[in-house]
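Notes to accompany the following structure.
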Amino acid sequence: RAKNEGRGTCRRYDASMGAQIRDRRMLEHDLRHAVARSELHLVYQPQTQIGTGAVTGFEALLRWVHPERGTISPAVFVPIAEETGAILEIGAWVLREACRTAAGWTQPLAIAVNVSAVQLHNPHFVQFVHGTLFETGLKADRLEIEITETALIRDPGRALLTLRQLKALGVQIAMDDFGTGYSSLSNLRSFPFDRIKIDGSFIKAVHTNPQGAAIVRSVLGLGRGLGLSVVAEGVETADELSFLAQENCTSAQGYLLGRPAPIERFTAHTHGAQVQGAQVQGAQLQGA
Ligand code: C2E
Ligand code: MG
Ligand code: MG
Ligand code: MG
(Lines give C-alpha, C1' and ligand atoms only; values in the text may rest on other atoms or scores of the structure.)
(Ligands and ions follow the chains in the order given, each with its own letter.)
Protein backbone atom coordinates (compact mmCIF):
# COMPACT_ATOMS: atom_id res chain seq x y z
CA ARG A 1 0.00 0.00 0.00
CA ALA A 2 2.80 2.30 0.97
CA LYS A 3 4.43 1.44 -2.32
CA ASN A 4 1.30 2.39 -4.21
CA GLU A 5 1.06 5.71 -2.42
CA GLY A 6 4.67 6.33 -3.21
CA ARG A 7 4.07 5.68 -6.88
CA GLY A 8 0.92 7.78 -6.81
CA THR A 9 2.83 10.69 -5.30
CA CYS A 10 5.48 10.22 -7.89
CA ARG A 11 2.93 10.16 -10.70
CA ARG A 12 1.26 13.31 -9.42
CA TYR A 13 4.65 14.96 -9.25
CA ASP A 14 5.44 13.92 -12.81
CA ALA A 15 2.07 15.10 -14.00
CA SER A 16 2.55 18.54 -12.44
CA MET A 17 6.05 18.76 -13.92
CA GLY A 18 4.60 17.89 -17.31
CA ALA A 19 1.93 20.55 -16.86
CA GLN A 20 4.59 23.10 -15.97
CA ILE A 21 6.60 22.30 -19.07
CA ARG A 22 3.50 22.44 -21.30
CA ASP A 23 2.56 25.70 -19.66
CA ARG A 24 5.92 27.20 -20.36
CA ARG A 25 5.96 25.99 -23.97
CA MET A 26 2.57 27.59 -24.44
CA LEU A 27 3.81 30.91 -23.04
CA GLU A 28 6.93 30.70 -25.23
CA HIS A 29 4.76 30.08 -28.26
CA ASP A 30 2.17 32.75 -27.46
CA LEU A 31 4.86 35.33 -26.68
CA ARG A 32 6.12 35.06 -30.24
CA HIS A 33 2.84 36.51 -31.48
CA ALA A 34 2.16 38.92 -28.62
CA VAL A 35 3.52 41.99 -30.45
CA ALA A 36 1.77 41.22 -33.74
CA ARG A 37 -1.52 40.55 -31.94
CA SER A 38 -1.25 43.80 -29.96
CA GLU A 39 -1.44 42.01 -26.62
CA LEU A 40 1.28 44.14 -25.05
CA HIS A 41 0.87 47.56 -23.53
CA LEU A 42 2.81 49.86 -21.27
CA VAL A 43 1.87 51.31 -17.93
CA TYR A 44 3.78 54.22 -16.46
CA GLN A 45 4.93 54.89 -12.91
CA PRO A 46 5.87 58.40 -11.79
CA GLN A 47 9.29 59.27 -10.38
CA THR A 48 8.97 62.05 -7.85
CA GLN A 49 11.30 64.64 -6.40
CA ILE A 50 11.24 64.24 -2.63
CA GLY A 51 10.45 67.52 -0.91
CA THR A 52 8.65 69.32 -3.72
CA GLY A 53 6.60 66.29 -4.82
CA ALA A 54 7.23 67.28 -8.43
CA VAL A 55 7.03 64.47 -10.96
CA THR A 56 10.31 64.41 -12.86
CA GLY A 57 9.64 61.46 -15.13
CA PHE A 58 8.03 58.06 -15.61
CA GLU A 59 9.22 54.48 -15.83
CA ALA A 60 7.55 52.44 -18.57
CA LEU A 61 6.52 48.97 -17.38
CA LEU A 62 5.43 46.22 -19.73
CA ARG A 63 2.12 44.36 -19.43
CA TRP A 64 0.94 41.33 -21.39
CA VAL A 65 -2.78 40.65 -21.51
CA HIS A 66 -2.98 37.04 -22.64
CA PRO A 67 -6.24 36.23 -24.46
CA GLU A 68 -7.06 33.30 -22.14
CA ARG A 69 -5.09 33.96 -19.00
CA GLY A 70 -5.45 37.66 -18.53
CA THR A 71 -2.56 39.85 -17.39
CA ILE A 72 0.77 38.07 -16.96
CA SER A 73 3.55 39.75 -14.94
CA PRO A 74 6.78 40.78 -16.70
CA ALA A 75 8.58 39.04 -13.84
CA VAL A 76 7.18 35.81 -15.38
CA PHE A 77 7.31 36.43 -19.12
CA VAL A 78 10.39 38.67 -19.59
CA PRO A 79 12.80 35.89 -18.48
CA ILE A 80 11.09 33.51 -20.97
CA ALA A 81 11.30 36.12 -23.73
CA GLU A 82 15.00 36.56 -22.93
CA GLU A 83 15.64 32.84 -23.29
CA THR A 84 13.79 32.47 -26.58
CA GLY A 85 15.07 35.72 -28.05
CA ALA A 86 11.53 37.11 -28.37
CA ILE A 87 12.73 39.95 -26.12
CA LEU A 88 14.42 41.58 -29.15
CA GLU A 89 11.14 42.21 -30.93
CA ILE A 90 9.28 42.95 -27.68
CA GLY A 91 12.02 45.27 -26.42
CA ALA A 92 12.06 47.13 -29.73
CA TRP A 93 8.30 47.61 -29.45
CA VAL A 94 8.66 48.86 -25.83
CA LEU A 95 11.36 51.37 -26.69
CA ARG A 96 9.49 52.76 -29.68
CA GLU A 97 6.17 52.96 -27.83
CA ALA A 98 7.71 54.64 -24.75
CA CYS A 99 9.67 57.18 -26.82
CA ARG A 100 6.67 57.94 -29.03
CA THR A 101 4.50 58.51 -25.95
CA ALA A 102 7.04 60.73 -24.18
CA ALA A 103 7.65 62.75 -27.35
CA GLY A 104 3.95 63.68 -27.27
CA TRP A 105 4.10 65.27 -23.81
CA THR A 106 4.14 69.05 -23.54
CA GLN A 107 6.37 68.76 -20.45
CA PRO A 108 9.98 67.64 -20.99
CA LEU A 109 9.78 64.83 -18.43
CA ALA A 110 12.15 61.86 -18.46
CA ILE A 111 11.11 58.43 -19.70
CA ALA A 112 12.86 55.38 -18.21
CA VAL A 113 12.85 52.13 -20.19
CA ASN A 114 14.01 48.74 -18.92
CA VAL A 115 16.46 47.00 -21.23
CA SER A 116 17.44 43.36 -20.84
CA ALA A 117 20.89 41.79 -21.23
CA VAL A 118 19.93 40.25 -24.57
CA GLN A 119 18.99 43.65 -26.00
CA LEU A 120 22.09 45.33 -24.60
CA HIS A 121 24.32 42.73 -26.26
CA ASN A 122 22.58 42.91 -29.61
CA PRO A 123 25.02 44.46 -32.11
CA HIS A 124 22.28 46.69 -33.57
CA PHE A 125 21.02 48.05 -30.25
CA VAL A 126 22.73 51.46 -30.27
CA GLN A 127 21.72 52.05 -33.88
CA PHE A 128 18.18 51.10 -32.98
CA VAL A 129 18.06 53.55 -30.05
CA HIS A 130 19.50 56.26 -32.28
CA GLY A 131 16.92 55.52 -35.00
CA THR A 132 14.06 55.47 -32.50
CA LEU A 133 15.04 58.86 -31.07
CA PHE A 134 15.26 60.29 -34.58
CA GLU A 135 11.98 58.74 -35.70
CA THR A 136 10.00 59.82 -32.62
CA GLY A 137 11.71 63.20 -32.20
CA LEU A 138 12.44 62.53 -28.53
CA LYS A 139 15.50 64.40 -27.26
CA ALA A 140 18.15 61.89 -26.19
CA ASP A 141 18.61 63.38 -22.73
CA ARG A 142 14.98 62.62 -21.87
CA LEU A 143 15.52 58.89 -22.37
CA GLU A 144 16.91 56.86 -19.50
CA ILE A 145 17.86 53.25 -20.02
CA GLU A 146 17.58 51.01 -16.95
CA ILE A 147 19.79 47.97 -16.77
CA THR A 148 20.53 45.55 -13.97
CA GLU A 149 24.00 44.51 -12.97
CA THR A 150 23.21 41.01 -14.19
CA ALA A 151 23.14 42.44 -17.71
CA LEU A 152 26.80 43.46 -17.35
CA ILE A 153 28.36 40.16 -16.32
CA ARG A 154 28.05 38.06 -19.44
CA ASP A 155 30.31 40.26 -21.53
CA PRO A 156 31.45 43.31 -19.55
CA GLY A 157 33.67 44.59 -22.36
CA ARG A 158 30.85 44.62 -24.86
CA ALA A 159 28.44 46.11 -22.27
CA LEU A 160 30.91 48.92 -21.57
CA LEU A 161 31.27 49.73 -25.26
CA THR A 162 27.50 49.78 -25.73
CA LEU A 163 26.90 51.99 -22.68
CA ARG A 164 29.59 54.41 -23.84
CA GLN A 165 27.97 54.63 -27.27
CA LEU A 166 24.58 55.28 -25.65
CA LYS A 167 26.13 58.01 -23.48
CA ALA A 168 27.61 59.52 -26.64
CA LEU A 169 24.07 59.78 -28.03
CA GLY A 170 23.13 61.72 -24.88
CA VAL A 171 21.01 58.97 -23.31
CA GLN A 172 20.98 58.60 -19.50
CA ILE A 173 21.85 55.26 -17.90
CA ALA A 174 20.46 53.95 -14.61
CA MET A 175 21.54 50.91 -12.64
CA ASP A 176 18.32 49.13 -11.68
CA ASP A 177 17.71 47.01 -8.55
CA PHE A 178 20.99 48.11 -6.99
CA GLY A 179 22.02 45.94 -4.08
CA THR A 180 20.48 42.70 -5.33
CA GLY A 181 22.12 39.95 -7.37
CA TYR A 182 25.69 40.42 -8.42
CA SER A 183 26.34 43.80 -6.88
CA SER A 184 29.85 44.96 -7.20
CA LEU A 185 31.00 48.45 -6.35
CA SER A 186 33.51 48.36 -9.18
CA ASN A 187 30.55 48.32 -11.62
CA LEU A 188 29.70 51.84 -10.44
CA ARG A 189 33.21 52.97 -11.22
CA SER A 190 33.76 51.12 -14.49
CA PHE A 191 30.45 51.76 -16.23
CA PRO A 192 29.08 55.19 -17.16
CA PHE A 193 25.99 55.26 -14.93
CA ASP A 194 24.13 58.49 -14.22
CA ARG A 195 21.82 57.06 -11.64
CA ILE A 196 21.42 54.33 -9.04
CA LYS A 197 18.03 52.83 -8.28
CA ILE A 198 18.03 51.34 -4.77
CA ASP A 199 16.05 48.12 -4.86
CA GLY A 200 12.68 48.22 -3.12
CA SER A 201 13.67 45.38 -0.78
CA PHE A 202 15.97 47.79 1.09
CA ILE A 203 13.27 50.46 1.36
CA LYS A 204 10.71 48.17 2.98
CA ALA A 205 10.20 49.42 6.58
CA VAL A 206 13.58 51.17 6.34
CA HIS A 207 12.62 53.51 9.20
CA THR A 208 12.42 50.58 11.66
CA ASN A 209 15.10 48.34 10.17
CA PRO A 210 18.69 49.24 11.16
CA GLN A 211 20.29 47.01 8.49
CA GLY A 212 18.14 48.41 5.72
CA ALA A 213 18.78 51.94 6.99
CA ALA A 214 22.55 51.39 7.01
CA ILE A 215 22.47 50.09 3.45
CA VAL A 216 20.30 52.94 2.18
CA ARG A 217 22.53 55.52 3.89
CA SER A 218 25.65 54.01 2.39
CA VAL A 219 24.15 53.90 -1.14
CA LEU A 220 23.16 57.56 -0.76
CA GLY A 221 26.73 58.31 0.33
CA LEU A 222 28.08 56.40 -2.67
CA GLY A 223 25.83 58.39 -4.97
CA ARG A 224 27.02 61.69 -3.51
CA GLY A 225 30.67 60.63 -3.65
CA LEU A 226 30.46 59.42 -7.24
CA GLY A 227 28.21 62.23 -8.47
CA LEU A 228 25.31 59.88 -9.28
CA SER A 229 21.71 60.63 -8.48
CA VAL A 230 19.90 58.04 -6.39
CA VAL A 231 16.28 56.94 -6.71
CA ALA A 232 14.58 54.89 -4.00
CA GLU A 233 12.30 52.23 -5.51
CA GLY A 234 9.25 50.62 -3.93
CA VAL A 235 8.35 53.44 -1.52
CA GLU A 236 5.00 52.37 -0.02
CA THR A 237 4.58 54.32 3.21
CA ALA A 238 4.88 57.90 4.48
CA ASP A 239 7.34 56.70 7.15
CA GLU A 240 9.65 55.29 4.49
CA LEU A 241 9.43 58.53 2.52
CA SER A 242 10.21 60.73 5.53
CA PHE A 243 13.22 58.54 6.37
CA LEU A 244 14.47 59.10 2.81
CA ALA A 245 13.83 62.85 3.02
CA GLN A 246 15.74 62.99 6.30
CA GLU A 247 18.68 61.20 4.65
CA ASN A 248 18.62 63.69 1.76
CA CYS A 249 17.53 61.21 -0.86
CA THR A 250 16.18 63.40 -3.65
CA SER A 251 14.09 61.03 -5.74
CA ALA A 252 11.54 58.29 -5.12
CA GLN A 253 9.24 55.87 -6.90
CA GLY A 254 6.60 53.57 -5.40
CA TYR A 255 2.95 52.86 -4.74
CA LEU A 256 2.80 55.73 -2.20
CA LEU A 257 3.66 58.24 -4.92
CA GLY A 258 1.79 56.54 -7.75
CA ARG A 259 1.03 53.04 -8.97
CA PRO A 260 1.90 52.10 -12.54
CA ALA A 261 -1.09 53.10 -14.69
CA PRO A 262 -2.02 53.97 -18.28
CA ILE A 263 -0.39 57.27 -19.21
CA GLU A 264 -3.77 59.01 -19.65
CA ARG A 265 -4.06 58.92 -15.86
CA PHE A 266 -1.13 61.34 -15.65
CA THR A 267 -2.17 64.01 -18.14
CA ALA A 268 -1.96 66.69 -15.43
CA HIS A 269 1.79 66.01 -15.26
CA THR A 270 2.59 65.18 -18.86
CA HIS A 271 0.52 68.02 -20.33
CA GLY A 272 0.04 70.34 -17.37
CA ALA A 273 2.21 72.38 -15.02
CA GLN A 274 5.60 70.79 -14.45
CA VAL A 275 5.86 71.41 -10.72
CA GLN A 276 2.95 70.54 -8.46
CA GLY A 277 3.95 73.30 -6.01
CA ALA A 278 3.95 75.87 -8.81
CA GLN A 279 0.53 74.67 -9.94
CA VAL A 280 -0.89 75.22 -6.46
CA GLN A 281 0.77 78.63 -6.21
CA GLY A 282 -0.55 79.56 -9.63
CA ALA A 283 -4.07 78.60 -8.62
CA GLN A 284 -3.77 80.63 -5.44
CA LEU A 285 -2.51 83.67 -7.36
CA GLN A 286 -5.38 83.36 -9.82
CA GLY A 287 -7.85 83.12 -6.97
CA ALA A 288 -6.39 86.21 -5.25
P1 C2E B 1 11.83 46.99 -12.16
O2 C2E B 1 12.36 47.61 -13.39
O3 C2E B 1 12.70 47.02 -10.94
O4 C2E B 1 10.44 47.70 -11.90
C5 C2E B 1 9.91 47.96 -10.64
C6 C2E B 1 8.86 46.94 -10.27
O7 C2E B 1 8.36 47.22 -8.96
C8 C2E B 1 7.62 47.01 -11.17
O9 C2E B 1 7.08 45.69 -11.23
C10 C2E B 1 6.68 47.91 -10.39
O11 C2E B 1 5.32 47.73 -10.73
C12 C2E B 1 6.97 47.45 -8.99
N13 C2E B 1 6.69 48.49 -7.99
C14 C2E B 1 6.67 49.82 -8.13
N15 C2E B 1 6.40 50.44 -6.97
C16 C2E B 1 6.24 49.47 -6.06
C17 C2E B 1 5.94 49.47 -4.64
O18 C2E B 1 5.78 50.51 -4.00
N19 C2E B 1 5.89 48.24 -4.04
C20 C2E B 1 6.07 47.08 -4.71
N21 C2E B 1 5.97 45.95 -4.04
N22 C2E B 1 6.36 47.04 -6.04
C23 C2E B 1 6.44 48.22 -6.69
P24 C2E B 1 6.60 45.06 -12.62
O25 C2E B 1 5.93 46.11 -13.43
O26 C2E B 1 5.86 43.81 -12.29
O27 C2E B 1 7.95 44.71 -13.34
C28 C2E B 1 8.81 43.74 -12.80
C29 C2E B 1 10.14 43.73 -13.51
O30 C2E B 1 9.96 43.30 -14.87
C31 C2E B 1 10.78 45.11 -13.62
O32 C2E B 1 11.44 45.44 -12.41
C33 C2E B 1 11.73 44.88 -14.77
O34 C2E B 1 12.90 44.22 -14.33
C35 C2E B 1 10.93 43.93 -15.65
N36 C2E B 1 10.31 44.71 -16.74
C37 C2E B 1 9.17 45.44 -16.71
N38 C2E B 1 8.94 46.03 -17.91
C39 C2E B 1 9.97 45.67 -18.71
C40 C2E B 1 10.34 45.96 -20.08
O41 C2E B 1 9.69 46.72 -20.81
N42 C2E B 1 11.49 45.38 -20.55
C43 C2E B 1 12.27 44.56 -19.77
N44 C2E B 1 13.39 44.03 -20.31
N45 C2E B 1 11.97 44.29 -18.49
C46 C2E B 1 10.83 44.83 -17.96
MG1 MG C 1 13.25 49.32 -13.80
MG1 MG D 1 14.06 47.99 -10.00
MG1 MG E 1 13.43 44.54 -10.92
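Counting convention: from 1, in listed order, for ligands and their atoms alike. Along the sequence shown, residues carry numbers from 1.
The distance from the CZ atom of Arg96 to the CZ atom of Arg100 is 10.5 Å, given to the nearest 0.5 Å. Here the straight-line distance linking atom CZ of Phe193 with atom OG of Ser229 works out to 12.5 Å at 0.5 Å rounding.
Each of the following atoms of ligand 1 lies closer than 4.0 Å to a heavy atom of Val94: 41 (O). Per-residue contacts place Ser116 under 4.0 angstrom from the following atoms of ligand 1 (heavy atoms of the residue considered): 44 (N). Listed by number with element, the atoms of ligand 1 under 4.0 angstrom from any heavy atom of Glu236 are 17 (C), 18 (O), 19 (N), 20 (C), 21 (N).
Residue contacts with ligand 1, taken as heavy atom pairs separated by less than 4.0 Å, involve Asn114 via backbone and side-chain atoms alike. With a 4.0 Å heavy-atom cut-off, ligand 1 is reached by no atom of Leu42. Of all the heavy atoms of Asp176, the ones lying under 4.0 Å from any atom of ligand 1 belong exclusively to the side chain. Residue contacts with ligand 1, taken as heavy atom pairs separated by less than 4.0 Å, involve Pro260 solely via side-chain atoms from C-beta onward.
Considering backbone and side-chain N/O of Leu62, one or more are found under 3.5 Å from N/O of ligand 1. Geometrically, ligand 1 and Glu59 share a nitrogen or oxygen pair separated by less than 3.5 Å.
Of all non-hydrogen atoms in Leu166 and Phe125, the two that sit nearest each other are CD1-CE2, 3.9 Å. Taking every heavy atom of both residues into account, Gly272 and Thr106 meet most closely at N-OG1, 4.4 Å. Nearest approach of Val43 to Pro262, heavy atoms of both residues: CG1-N, 4.1 Å.
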Open item on the list: Evaluate Glu59 against Lys197 for salt bridge (charged side-chain N to carboxylate O under 4.0 Å, His left out), listing each step before the verdict.
Closed with: CA-CA 12 Å; Glu59 178 175 2; Lys197 300 192 75 178; 2.8 Å; yes
TODO: Carefully, step by step, assess Arg259 and Glu236 under the rule salt bridge (charged side-chain N to carboxylate O under 4.0 Å, His left out).
DONE: CA-CA 10 Å; Arg259 285 183 180 257; Glu236 293 184 352; over 6 Å; no
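The distance from the Mg ion (ligand 3) to the nearest N/O/S atom of Asp199 is not under 2.8 Å.
Note: Phe58 and Phe266 have tilted aromatic rings, judged against thresholds of 30 and 60 degrees for the angle between ring planes.
Not counting sequence neighbours, Asp155 has no partner by the side chain to side chain donor-acceptor pair (under 3.5 Å) test.
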Using atom types as modelled, flag every donor-acceptor pair under 3.5 Å from a side chain in residues 32-40 to any protein atom, sequence neighbours excluded.
residue: Glu39; atom: OE1; partner: Trp64; partner atom: NE1; Å: 2.9

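Rounding to 10°, one obtains 90° for the angle at the Mg ion (ligand 3) between OD1 (Asp176) and OD1 (Asp177).
Nearest to the Mg ion (ligand 2), among the N, O or S atoms that Glu146 has, is OE1. Of all the N, O or S atoms in Glu59, the one closest to the Mg ion (ligand 2) is OE2.
The nearest non-hydrogen atom to atom 37 (C) of ligand 1, considering only Pro74, Ser201, Ala174, comes from Pro74. Nearest-heavy-atom check against atom 25 (O) of ligand 1 across Arg63, Glu233, Glu82, Gln45 picks out Arg63.
Between Gly91 and ligand 1 there is no heavy-atom distance shorter than 4.0 Å.
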